[in-house]
Amino acid sequence: MRWSQAFIPTLRDDPAEAEAASHRLLVRAGYIRQLAAGHYTLLGPAVRVRRKLIRIIREEMDAIGGQEFLLPAMHPAEVWQASGRWSSVGDELFRFTDRRGADTALAMTHEEVFASVARELSSYRQLPQVWYQFQTKFRDEPRPKAGLLRVREFTMKDSYSFDLDEAGLDVAFEAHRRAYRRIFGRLGFDLLEVDASVGMMGGSGSVEFMVRSESGEDLVAVCASCGYAANLETARSTIPATDDPAGDATVERFPTPGVRTIADLVAFEGGAPADRQVKTLVYLVGNEPVMVLLRGDHDLQEQKLADALGAADLRPAHDEEIVELLGAHPGSLGAVGVTHVRVVADRELRGRRHMTTGANLDDHHVRGVDVERDIEVSSWLDLREVRAGEPCPECGEPLSIDRTIEIGHIFKLGRTYTEAFDVAVLGPDGGEIVPIMGSYGIGVERNLAAAVEVHHDEAGIVWPMNLAPWEVVVTIVRPDDEATAAAAAEVVDGLAAAGIEVISDDRDERPGVKFADAELVGIPVRVTVGPRGVAGGQAEVTVRATGERTDVPLADVVEEVAARVRAAR
RNA sequence: CGGGACGUGGCGCAGCUUGGUAGCGCGCAUCGUUCGGGACGAUGAGGUCGCCGGUUCGAAUCCGGCCGUCCCGACCA
């Protein structure tokens with residue numbers, strides 16, 4: 001490949017409004033262009049990297065016995081109605097009608113269609129199965145952002161396992177975990193495996209694969225000491241018990257004019273410190289109002305609430321709804337004596353006495369509350385959000401909270417989809433067995449962007465050898481010089497013949513431009529051929545990652561560079 | 001969807017307050033000089049100022065509506 005003929009539109013300056021480092025670099029180095037919010041064109045270099053990513057993932061999926069399929073990206077509504085998701089997934093599913101008026105969807109995931117294929121499984125002897133594909137997913141994201149990290153159209157490697165029982169699912173799940181570890185290892189990621197919320201997918205277990213990055217959107221609690229790691233959506237910590245005053249408490253209402261917040265009540269004469277207050281929130285879970293109680297100085301982790309209640313749609317109640325329900329405005333709410341609304345409470349409130357909370361009467365609070373005695377709590381749940389510095393639940397060392405990008409996610413799905421699609425096989429005893437499913441995803445272009453997040457410096461992208469669009473660039477300093485051009489051509493041809501992916505920068509540009517572009521595009525090895533070197537029979541080899549330069553005799557440069565590339569692949 | 005900002009040659013921006021010839025840098029084309037770390041000179045091409053409507057003799061500029069994009073909050077690979 002000759003640079004002068006390739007279309008690699010590098011830019012001198014950073015594009016505007018590009019916050020994520022990977023986005024900025026991918027645009028500037030001529031890998032991607034935006035068509036619309038969340039929709040990107042991949043240019044030549046990006047396609048070459050994407051192809052390598054896919055090859056790596058495919059190799060590891062094949063290694064665990066996966067079979068590659070390719071399912072349609074456009075689905076009739078019936079398939080989604082069968083699973084119930086036509087109505088439950090909401091606006092994230094792109095929907096339209098075809099010319100006959102048939103409801104149609106663009107696939108945001110493929111559980112339904114894989115399950116429908118699985119209906120042809122008929123015998124337990126055929127299980128287990130692991131099926132996968134690389135296919136475009138469409139998701140009408142409320143807010144696409146950060147370039148390729150969050151888009152509305154992307155390639156996903158999704159795989160699905162079908163097993164006879166939980167033990168089989170565990171095997172498939174662990175096989176995927178191992179495959180993912182190998183894949184992300186090969187991509188050069190410092191991997192974080194975290195417990196995660198199962199969210200909308202349902203099911204019994206889920207592990208997210210994360211890589212630390214400033215551009216990430218997920219927060220993960222990590223223990224440097226024992227390795228505990230969990231998405232903030234599920235993370236736990238051990239916080240010291242609070243000592244309450246001895247003796248029975250007596251509930252007593254008192255006026256608190258103007259007090260609206262926890263902080264107000266802390267400052268109020270006769271108020272209470274935040275950790276002796278009960279914070280009262282009201283959520284609408286589906287259509288049912290639920291009061292949510294936490295210690296005054298703790299924050300609710302909404303996903304924990306959603307998971308604990310098995311709720312798909314959940315939102316804070318509006319002020320008017322709260323007034324209608326409880327007769328008071330936020331700021332004066334409390335659950336003491338409330339019986340007509342379901343009350344859930346964070347575990348940290350269990351056993352607490354002499355607490356202060358709202359009176360459900362504007363401008364009044366109550367003190368002397370014994371939570372278990374005075375409030376009808378229907379369930380005690382882990383609802384609070386962990387904070388940095390709190391003790392690790394496993395070993396007690398302080399947790400840190402890191403920003404991360406989710407690069408893979410594996411789920412134990414259960415039988416939701418196999419039941420919905422009547423997937424069943426006959427067992428050895430002639431009885432019917434409904435297979436249990438797992439589902440496993442890797443976002444290809446997100447991984448491409450994440451790799452750039454991890455592998456870059458001030459000058460540009462620094463591809464690892466196995467992802468680079470080209471392994472070597474031969475920079476011809478004076479392509480108009482005959483001896484130089486001839487020497488360079490020999491190097492290029494030699495490398496190509498040795499099976500090295502090489503691009504020759506034969507552009508009529510000043511050397512500085514070519515050096516800068518080679519670094520921006522991120523090609524791991526640069527061989528510089530110029531009149532000065534050629535005169536002395538030398539070429540210069542520069543390693544992108546380290547900046548290391550060596551002069552190598554022209555006669556040896558092909559062999560030496562080829563060896564270096566092979567060693568780094 | 002709530003909050004904030006922006007939309008002017010391919011890219012990055014100024015001009016708008018105070019209405020009157022559309023400008024700068026980069027990039028691009030041609031020629032020359034130069035060229036082992038983002039060169040210089042000369043000449044030149046390229047814009048219905050996001051769209052629609054209104055005000056006005058006259059709108060990039062003022063007013064209204066719409067669309068698009070980005071950032072901050074509720075979702076996910």
Side-chain angles (χ1 to χ4, degrees), chain A residues 9-20 23 27-28 30 33-39 57 89-92 108-109 134-159 180 196-201 206 208-211 216-218 231 233 302-303 306 312-316 318 405-411 439-450 459-460 475-481 484 507-520 526 528-535 538-540 542 549 551:
Chain A
T10 56
L11 303 175
R12 189 75 166 269
D13 300 305
D14 279 340
E17 295 172 339
E19 66 312 325
H23 186 205
V27 171
R28 197 143 92 76
R33 290 294 182 261
Q34 183 183 57
L35 176 66
H39 299 270
I57 298 168
V89 292
D91 293 334
E92 207 176 323
M108 50 183 284
T109 176
F134 295 89
Q135 175 61 293
T136 305
K137 301 288 187 272
F138 297 90
R139 295 183 183 180
D140 196 349
E141 287 288 336
R143 191 151 98 76
K145 58 189 283 198
L148 294 183
L149 286 174
R150 184 175 203 72
V151 293
R152 304 209 302 173
E153 176 182 352
F154 64 97
T155 313
M156 180 156 90
K157 185 291 294 178
D158 45 331
S159 45
Y180 277 36
S197 158
V198 292
M200 300 295 181
M201 303 288 284
S206 144
E208 286 174 332
F209 295 83
M210 319 293 276
V211 58
E217 299 183 85
D218 287 84
N231 195 304
E233 292 175 351
E302 273 193 22
Q303 191 63 47
D313 60 326
L314 162 156
R315 65 166 174 85
H318 300 142
I405 299 168
E406 182 184 348
I407 51 175
H409 201 161
I410 59 180
F411 292 92
S439 113
Y440 317 88
I442 295 177
V444 175
E445 292 84 9
R446 178 181 283 184
N447 270 266
L448 190 156
T475 302
I476 311 172
V477 171
R478 288 290 302 273
D480 57 326
D481 178 77
T484 302
R507 292 176 298 170
D508 180 18
E509 289 285 355
R510 311 196 103 228
V513 173
K514 300 192 199 186
F515 297 152
D517 276 352
E519 283 153 14
L520 179 60
R526 185 177 94 215
T528 309
V529 180
R532 207 174 69 192
V534 169
Q538 303 275 310
E540 183 187 81
T542 309
R549 300 176 183 202
D551 284 328

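As the structure is a computational prediction, the values presented were derived from the model and not from experiment. Convention: sequence-line order gives letters A, B, ...; per-chain numbering from 1.
Nucleotides B/rC49 and B/rU21 are separated by 14 Å at their P atoms, to the nearest Å. B/rC6 and B/rC63: their P atoms are spaced 13 Å apart (whole Å). Atom C1' of B/rA59 sits at a distance of 13 Å from the matching atom of B/rA22, rounded to the whole Å. Look at the C1' atom in both B/rU17 and B/rG10: the space between them is 31 Å, to the nearest Å. Comparing the P positions of B/rU61 and B/rG50 gives an interatomic distance of 8 Å, to the nearest angstrom. Taking atom C1' in both B/rC26 and B/rA39, the straight-line distance is 14 Å, to the nearest Å. If you take atom C1' in B/rG7 and the same atom in B/rC11, they sit 15 Å apart, rounded to whole Å. Here, B/rG25 and B/rA14 have their C1' atoms 11 Å apart, quoted to the whole Å.
Side-chain atoms of A/Arg33 come within 3.5 Å of backbone atoms of A/Val27 as a donor-acceptor pair (strictly under, hydrogens ignored). A side-chain donor-acceptor contact under 3.5 Å links A/Lys514 to the backbone of A/Ile476.
Considering only the side chain of A/Arg12, B/rG38 comes nearest among B/rC72, B/rC75, B/rG38.
At the heavy-atom level, A/Gln538 lies nowhere under 4.0 Å from the strands shown. A/Asp140 comes within 4.0 angstrom of nothing in the nucleic acid, heavy atoms only. As judged by a 4.0 angstrom heavy-atom cut-off over every strand, A/Lys514 is placed among residues making no nucleic acid contact. Residue contacts for A/Asp218: at a heavy-atom cut-off of 4.0 Å it reaches a base atom on one of the strands shown. Contact annotation for A/Ala37: backbone-only contact, meaning every heavy-atom pair under 4.0 Å involves sugar-phosphate atoms and none involves a base. Within 4.0 Å (heavy atoms only), A/Asp517 reaches at least one base atom of the nucleic acid.
Minimum heavy-atom separation, A/Ala450 to A/Leu149: N-CD2, 4.3 Å.
Side chain A/Arg549 to base B/rG37: a donor-acceptor pair is found below 3.5 Å. For A/Glu519 against B/rG37, a side-chain N or O and a base N or O form a donor-acceptor pair under 3.5 Å.
None of A/Val477, A/Thr484, A/Asp481, A/Thr475 except one satisfies the side-chain contact (heavy atoms from CB on, under 4.5 Å) rule with A/Val529; the exception is A/Thr484.
Atom-to-atom, CZ of A/Arg143 to P of B/rC72 comes out at 5 Å; the value is rounded to the nearest Å.
Look at A/Arg532 and you won't find any side-chain N or O under 4.0 angstrom from OP1 or OP2 of B/rG36.
Side-chain contact of A/Glu153 with A/Thr136: a donor-acceptor pair under 3.5 Å is absent, judged by distance alone.
A residue-by-residue look at A/Leu520 and A/Glu445 shows that A/Leu520 has its nearest nucleotide of RNA chain B further toward the 5' end.
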